[in-house]
Structures are given as structure tokens and as C-alpha cells.
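Following: one structure in C-alpha cells, then a few remarks.
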Amino acid sequence: MGRRIDQTLGALLPGLAVESLAEIDSTNTELMRRARAGRLDPVLLVAQRQTAGRGRLGRQWLGEPGASLTFSLGLLLAPPDWSGLSLAVGVAVAEALHPAVRLKWPNDLWVQDRKLGGILIETAAPPEGGGAARFTIVGIGLNLATPEGAGYATPPFALRELLPHAGASAVLQQVAPPVLQAVRGFEQFGFAPFQARFQARDALAGRAVRLSDGSTGTAHGVDAQGALLVHTAAGMKAVATAEVSVRPA
Ligand code: BTN
């Protein structure tokens with residue numbers, strides 16, 4: 001990667017290494033392997049191609065060189081409360097990209113009800129003697145061009161529909177510093193400072209939604225922990241678990 005991004009990120013987090021690979025199975029998987037081998041220094045790992053990119057809920061994330069930006073940020077974090085981290089990252093990515101980018105709880109980036117990208121956060125077991133800190137892997141995938149293939153649960157959106165000349169390294173330059181800033185801000189202050197910013201881009205607000213547990217209701221934003229508020233026949237429900245998927249009904 002270029003020196004500019006190294007310098008910008010290094011100023012935010014001294015010692016952060018920026019590494020770019022032509023191909024890897026998954027940038028998240030690679031950073032998890034490294035963490036398990038005791039490599040816990042902060043790193044931003046970008047891949048031109050992932051052969052086994054992963055999404056949430058065991059889904060695949062496919063991406064071709066030049067057609068998508070795929071990277072993971074890995075660093076030790078010790079927030080007092082972890083809830084809402086992926087939402088905070090989504091806020092940072094959306095704000096950095098374009099006013100048209102919306103957030104679909106918990107961590108998809110949508111434009112016009114189509115999926116521009118997603119976020120997959122994973123944490124490694126705490127290192128021995130490392131206190132409360134966990135090595136945290138923030139993986140982000142963005143479609144720059146329309147991906148090949150069919151059968152997407154949500155039709156894909158390509159960033160180049162909004163920004164025709166968007167290239168991987170310029171977009172990384174635009175997005176990575178705010179993401180790092182958001183992660184460190186979250187570590188200190190939690191999700192609360194991101195709540196209103198999430199609501200300003202909430203793709204589900206006021207819409208009828210169906211949860212994967214079968215219940216339905218109307219989405220009413222998120223609470224101070226990042227739980228989705230859904231008004232159901234049985235009253236207001238706070239959906240906290242990321243294992244529940246939500247779709248506009
Ligand atoms: C989702 O939409 O379910 C999340 C997609 C996350 C994809 C990114 S691409 C970089 C990083 N490495 C992975 O294997 N996954 C994340």
C-alpha cells in the first residue's frame with residue numbers, strides 16, 4: 001500500500017503495520033491465525049483477492065481483484081462493553097464513503113436497498129496475562145464493481161454507481177483512518193456517541209421488518225447499546241443478538 005495511508009494510520013496508532021497481499025483465503029482468517037500464533041501487533045491487512053472470504057452467519061464473501069476492496073484491521077482492544085462495535089464501524093464506513101450509504105442493522109452497508117458491503121468482526125481468545133484485552137479483527141468488504149453471480153439474498157450495489165472512478169487504494173485511504181478512529185473511540189466511550197449517527201443512516205427505520213425467529217414488527221432505530229428496537233404485537237422488543245437476521249417485510 002502507498003506511504004500516505006501508512007503515515008495517516010501510523011499517526012493515529014503508532015506501530016500499526018499496513019500490509020497488502022495479492023491473494024489469501026480470508027484477511028480475517030489470516031489475522032486469526034496470526035493471533036493464535038501470538039502475533040498481536042496492530043495491523044491493517046488488505047487482499048486483492050480472497051479465495052475463501054467469509055461473511056456473517058457462515059455466509060461467503062466473494063470478491064474479484066479490482067472489483068472489491070477487502071481488508072481487515074487487527075488490534076488489541078479492551079472496551080468495557082463490546083455491544084455495538086460493528087455498528088460503530090458501519091457508521092464510520094458509511095460516513096466516509098457517501099451520503100447515500102445507509103446502514104442495515106446490524107452491519108450491512110446498503111444503497112437503495114442493495115448491498116454495498118458488509119462487516120465481520122471476530123475476536124481471538126484473550127492472550128495469557130493480557131488482562132481484558134482481546135485481539136479484535138474488523139473485516140470489511142465493499143463492492144467497487146457489481147459482483148458476478150446470482151442468488152444474492154440482497155441484490156448487490158457497486159460503489160462505482162455512485163463514484164465512477166472509485167479504486168481500491170483510494171477507497172481504502174478514505175475509509176481506513178475513520179474506521180481506526182471509530183474503533184478507538186468505541187473502546188473509550190462505547191456505542192452511545194455513535195447512536196444518533198447510526199439513526200441518521202438507518203435503512204430500516206420506520207419500516208416493517210421480519211426477524212429470523214419469525215416475529216414481525218416495525219423497526220424503531222437502535223438503543224444506546226446498539227440493539228435494534230422493533231415494535232411488535234407484544235410490545236417493544238430490543239434485538240441484541242447478531243445471530244438474528246432482519247429483513248424489510
Ligand atoms: C457480511 O456481509 O456478512 C460481512 C462480509 C465481510 C467481508 C469481509 S472481506 C474482508 C474480511 N475477510 C473476510 O473473510 N471477511 C471480511
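The structure displayed is predicted, hence computed values, not measured ones. Read the numbers this way: they start at 1 and go in the same order the structure lists the ligands and their atoms. What's counted below: heavy atoms across the whole structure, side chains too, no hydrogens, waters or symmetry copies.
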Atoms of ligand 1, numbered as shown, that sit under 4.0 Å from any heavy atom of Thr70: 9 (S), 10 (C)
Ser72: which of Thr27, Thr29, Thr136 passes side-chain hydrogen bond (donor to acceptor under 3.5 Å, both in side chains): Thr27
Nearest-contact summary for atom 6 (C) of ligand 1 - protein heavy atom, Å: Arg54 O, 3.6 Å
Atoms in ligand 1 with a heavy atom of Gly55 nearer than 4.0 Å: 1 (C), 3 (O), 4 (C), 5 (C)
Under 4.0 Å to a heavy atom of Ser26 - the qualifying atoms of ligand 1, by number: 12 (N), 13 (C), 14 (O)
Proximity of Leu57 to ligand 1 by residue part, where a heavy atom lies under 4.0 Å: neither
Which of the ligand 1 atoms, numbered from 1, are nearer than 4.0 Å to a heavy atom of Gly53: 14 (O)
Region of Asp108 that comes within reach of ligand 1 [heavy atoms, distance under 4.0 Å]: side chain
Shortest protein heavy-atom distance from atom 10 (C) of ligand 1, along with the residue and atom involved: Thr27 OG1, 3.3 Å
Heavy atoms of other groups near Gln60 CD, more than 12 under 6.0 Å: no
same_hphob_cluster(Leu85, Leu40) at 4.5 Å side-chain heavy-atom cutoff: no
Residue and atom name of the nearest protein heavy atom (relative to atom 2 (O) of ligand 1), distance in Å to one decimal: Lys115 NZ, 2.5 Å
Same apolar cluster (I L V M F W Y, side chains within < 4.5 Å links), Phe135/Val183: no
Ala166 to Leu159 - nearest heavy-atom pair and separation: CB-CD2, 4.0 Å
Closest to atom 12 (N) of ligand 1 (judged by heavy-atom distance), picking from Lys104, Gln50, Met32, Arg56: Gln50
N or O pair under 3.5 Å between Trp61 and ligand 1: no
Atom pair CD1/CH2 of Ile140 and Trp61 - distance to nearest 0.5 Å: 10.5 Å
Contacting atoms of ligand 1, where contact means under 4.0 angstrom from a heavy atom of Phe71: 10 (C)
Atoms of ligand 1, numbered as shown, that sit under 4.0 Å from any heavy atom of Ser72: 11 (C)
